[in-house]
Amino acid sequence: MTTVRARVTILVSSAVLSITTITGPAVAAPVPDGPLAAPAAPSVPQHVDARTKSTQPVYDYGAAIRESVYVDTTMDTDSDGKDDVIAVDIVRPSEPALTGVKIPVIMDASPYYSCCGRGNESEKKTYDSDGVIQKMPLFYDNYFVPRGYAMVGVDILGTGRSTGCGDVGGRDEIQSVVDVIDWLNGRNTAHTADGQAVKATWTTGAVGMIGKSYDGTLANGVAATGVKGLKTIVPISAISSWYDYTRSGGVPYSDDYMPWLGGYVGHDSPACEDVRGELGDNDDDDTGNYTAFWSERDYTKNASKVKASVFMTHGLSDYNVQTNHFSQWWSALSRNNVPRKLWLGLEDHVDPFEFRRDQWVDELHKWFDYWLQGLQNGVMKEPAVSIETSPDVWRNYKTWPAVNRPASVPLSAGKLGAAGKGSLMITDDPDLTEDDIVADPTEVIAGRQMFLSAPLTAPMRISGTPSVTLRVKSDSATTPITARLIEYGDAERYSGIRTTDDSTCEGSSTEYDDSCYFTVDKLTTQSDHGIVSRGWIDAAHSNSLSNPTPLTPGKWTTVNVPLRAQDQVIPKGRVLGLAVTLSDTEWTSPNDTGASIDIDLAGSKLNVPVTSGKITAPAQIHPIDVDITTPSQRPNLHDPKN
């Protein structure tokens with residue numbers, strides 16, 4: 001375990017900053033705004049090693065300038081007659097300011113700094129007696145400030161020390177961050193706590209946003225505005241569309257989530273309660289429809305505006321922010337030729353700082369050096385995609401997904417991979433749990449239809465987004481339909497992480513802000529099955545999320561059930577299972593209609609993106625024993641991990 005060596009922090013007031021900040025000719029070259037432009041070669045400030053094309057920790061973190069300012073907006077979301085202000089806390093090296101060298105910014109904009117904390121250890125901001133930032137959560141300032149970066153922590157609208165009321169991923173929250181980037185680029189104003197105007201004359205204006213979950217979501221949303229000065233974003237386990245975070249194809253995961261989340265992170269005031277009441281009025285929980293409210297919070301539709309590069313990471317087991325978020329954002333960025341990089345781990349809602357720390361810090365360093373400092377270090381010549389194929393085993397690829405056109409796998413009675421005739425019936429049983437559904441796959445279980453393959457004759461990589469096409473006839477105007485793709489076979493499977501008593505230090509430390517964080521162990525469990533992917537849809541929303549079409553009872557119609565994106569190698573000898581049920585009161589909000597459906601086998605299929613091999617039907621179905629040693633558990637969205 002690394003020993004923490006504390007130093008005394010020198011706190012510099014904002015009044016002193018205006019005196020000591022000196023502008024001059026020694027300025028790092030700005031990075032171009034164009035999405036395909038490579039950064040220009042900079043001059044060589046003290047923190048740059050021209051030989052290695054890397055920034056070096058030459059500045060004294062203990063002597064860093066610590067500044068807290070309030071950025072102005074033109075919004076009055078709390079209706080108090082005054083424009084809202086956004087609290088911005090800054091840690092930056094003092095030496096560049098004294099020599100006239102301007103530096104770029106790494107920004108983490110968040111609603112969590114006061115309510116919940118950041119990272120695996122839930123760190124919160126702390127301040128000195130004058131209200132100036134003392135501790136900035138996470139390792140970013142400890143590591144990057146000595147290397148010639150400023151670290152900026154933004155309390156988004158309606159949270160922390162900012163005023164106003166947040167609108168949960170909406171236009172106002174995004175604008176509150178844009179206003180800060182505008183200030184950093186000289187296009188907006190700010191002041192200190194005592195009202196003195198303050199300018200960001202110390203920065204090049206080049207900004208890189210980073211953050212996990214809500215923070216990464218804000219980065220996606222801000223990038224989708226095309227704001228000038230934002231050069232790169234690093235969204236970690238981030239939302240790309242709030243509609244898809246709260247529901248799946250018209251099936252809600254929980255009721256009144258948006259107003260609840262606004263209250264969880266935001267100010268407790270009558271004005272903000274009114275704003276959250278409007279969120280509840282406009283979320284269309286009762287219909288599940290995609291409306292203008294959700295369109296405002298859908299960043300994928302504005303991917304053509306993105307000028308920043310994107311380095312995204314996501315966990316393939318993440319059912320808090322599910323994998324459709326990274327896949328649809330990645331695809332939208334790809335269509336618009338945005339420079340991008342992708343890491344996919346086996347983990348759930350976990351920052352790669354926890355499970356791949358050394359490599360993550362190194363890669364992040366190179367990424368920011370390239371996009372914010374203009375250093376030609378070759379990071380964009382590396383493989384674009386890195387995927388964890390088994391615990392702690394990573395493989396690089398040129399692109400993702402590996403398969404753009406899924407293979408069609410026919411269905412027959414009880415079998416996957418053979419074309420069938422006739423129909424099968426499912427009557428909704430809302431009491432079925434996932435453990436009930438995946439257990440005893442060869443048995444007849446009321447409320448479930450299971451389709452099984454023959455053992456795979458070769459390893460099979462599933463890379464992309466599976467789906468299930470069902471031709472159905474319902475006795476109800478609509479019904480939820482749930483599908484699960486399962487792989488059966490004994491193996492050691494990823495099952496989570498555990499925080500240890502050991503720690504590593506990533507950067508410099510002070511008495512108030514150390515750079516040391518506990519490590520985690522990756523857990524695996526011996527089990528006889530694993531969930532490859534899940535998916536849900538309300539049948540009436542199959543053709544349109546905005547304008548659902550009620551089913552005509554007794555009439556055949558085709559419904560497509562989207563599953564979650566996946567990249568997984570299924571070993572030889574495993575059996576694939578497709579389980580189809582109706583309502584899912586365990587993983588979604590109770591929405592059972594009591595419906596029964598017939599499935600036309602000839603008109604139904606599994607669409608699965610496989611790189612090689614073939615899914616074939618068994619000549620004879622043999623019993624498969626399943627032992628539920630660890631019951632499945634849905635992530636609790638009302639207890640969000642940070």
Side-chain angles (χ1 to χ4, degrees), residues 8-23 61-98 102-103 105 107-111 113-115 124-137 141 145 150-166 172 175-203 205 207 266-269 271-272 510-513:
V8 177
T9 305
I10 298 176
L11 299 176
V12 182
S13 71
S14 297
V16 174
L17 295 180
S18 62
I19 297 172
T20 60
T21 300
I22 302 172
T23 59
Y61 179 71
I65 295 170
R66 295 172 180 268
E67 183 179 16
S68 296
V69 304
Y70 295 86
V71 171
D72 299 313
T73 77
T74 57
M75 300 180 285
D76 180 15
T77 57
D78 54 9
S79 304
D80 65 353
K82 297 181 292 185
D83 286 342
D84 304 326
V85 294
I86 307 304
V88 178
D89 297 307
I90 304 161
V91 182
R92 57 188 175 93
S94 57
E95 296 91 339
L98 295 173
K102 295 188 178 184
I103 58 176
V105 168
M107 176 190 292
D108 187 349
S110 177
Y113 283 126
S114 296
C115 72
K124 297 181 181 180
K125 288 180 178 178
T126 64
Y127 300 89
D128 69 6
S129 58
D130 293 325
V132 177
I133 185 67
Q134 195 172 54
K135 176 182 175 61
M136 189 80 78
D141 58 321
V145 168
M151 181 61 208
V152 173
V154 179
D155 294 347
I156 65 166
L157 181 74
T159 70
R161 301 200 299 179
S162 296
T163 62
C165 302
D172 294 343
Q175 185 61 44
S176 74
V177 184
V178 170
D179 288 340
V180 177
I181 296 175
D182 283 344
W183 172 68
L184 291 166
N185 282 272
R187 300 188 297 266
N188 194 15
T189 57
H191 58 275
T192 61
D194 57 4
Q196 296 183 57
V198 58
K199 296 182 179 180
T201 55
W202 45 266
T203 178
V207 178
H267 296 320
D268 183 12
S269 69
C272 292
T510 69
E511 178 183 355
Y512 306 108
D513 192 342

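Model, not experiment: these values are computed from the prediction.
Closest approach of Asp155 to Tyr113, counting heavy atoms only: OD1-CD1, 3.2 Å. Closest approach of Ala63 and Ser94 over heavy atoms only: O-OG, 3.2 Å. Annotation for Met136 and Gly153: closest pair CE-N, 3.7 Å, computed over non-hydrogen atoms. The two residues Ala190 and Val71 make their nearest non-hydrogen contact at CB-CA, 3.8 Å. Between Gly160 and Ser114 the shortest heavy-atom distance is CA-OG, 3.3 Å. When all heavy atoms of Met75 and Thr73 are compared, the pair lying nearest together is N-OG1, 3.1 Å.
For the atom pair Leu184 CG and Trp202 CH2, the distance stands at 5.5 Å (nearest 0.5 Å). Distance CG/Asp513 to CZ/Arg66: 5.5 Å, rounded to 0.5 Å. Put simply, CD1 on Ile133 and CD1 on Ile65 are 15.0 Å apart, with the number rounded to the nearest 0.5 Å. One distance of note links CD1 of Ile103 with CZ of Arg92; it measures 6.5 Å at 0.5 Å rounding. Note that CD of Gln134 is 5.5 Å distant from CG of Asp128, once rounded to the nearest 0.5 Å. Of the inter-residue distances, the one linking Thr510 atom OG1 with Tyr61 atom OH reads 5.0 Å to the nearest 0.5 angstrom.
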Practice task
Would you please test Asp78 and Asp76 for side chain to side chain contact (heavy atoms under 4.5 Å, CB included) and show each step?
Solution key: CA-CA 6 Å; Asp78 54 9; Asp76 180 15; 2.9 Å; yes
Exercise for the section: Start with the C-alpha distance between Met151 and Asp108, add both sets of side-chain angles, then the distance that settles side chain to side chain contact (heavy atoms under 4.5 Å, CB included), and finish with yes or no. Expected result: CA-CA 8 Å; Met151 181 61 208; Asp108 187 349; 3.7 Å; yes
Practice task
Could you walk me through whether Thr192 and Asp194 pass the side-chain hydrogen bond (donor to acceptor under 3.5 Å, both in side chains) test, one step at a time?
Solution key: CA-CA 5 Å; Thr192 61; Asp194 57 4; 2.3 Å; yes
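Taking 4.5 Å as the limit, some side-chain heavy atom of Ile181 sits within range of a side-chain heavy atom of Met107.
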Table please: side-chain donor-acceptor pairs of residues 79-88 below 3.5 Å, with sequence neighbours left out.
| from | atom 1 | to | atom 2 | distance (Å) |
| --- | --- | --- | --- | --- |
| Asp80 | OD1 | Lys82 | N | 2.9 |
| Asp84 | OD2 | Thr77 | N | 2.9 |
| Asp84 | OD2 | Thr77 | OG1 | 2.7 |

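The side chain to side chain contact (heavy atoms under 4.5 Å, CB included) search around Thr189 returns Asp72, not counting sequence neighbours. For Asp89, the side chain to side chain donor-acceptor pair (under 3.5 Å) partners at least two apart in sequence or on another chain are Ser68, Lys125, Tyr127, Arg161.
Sorted by first and then second residue, the side-chain hydrogen bond (donor to acceptor under 3.5 Å, both in side chains) pairs involving residues 176-187 (not counting sequence neighbours) are Gln175-Asp179, Asp182-Arg187.
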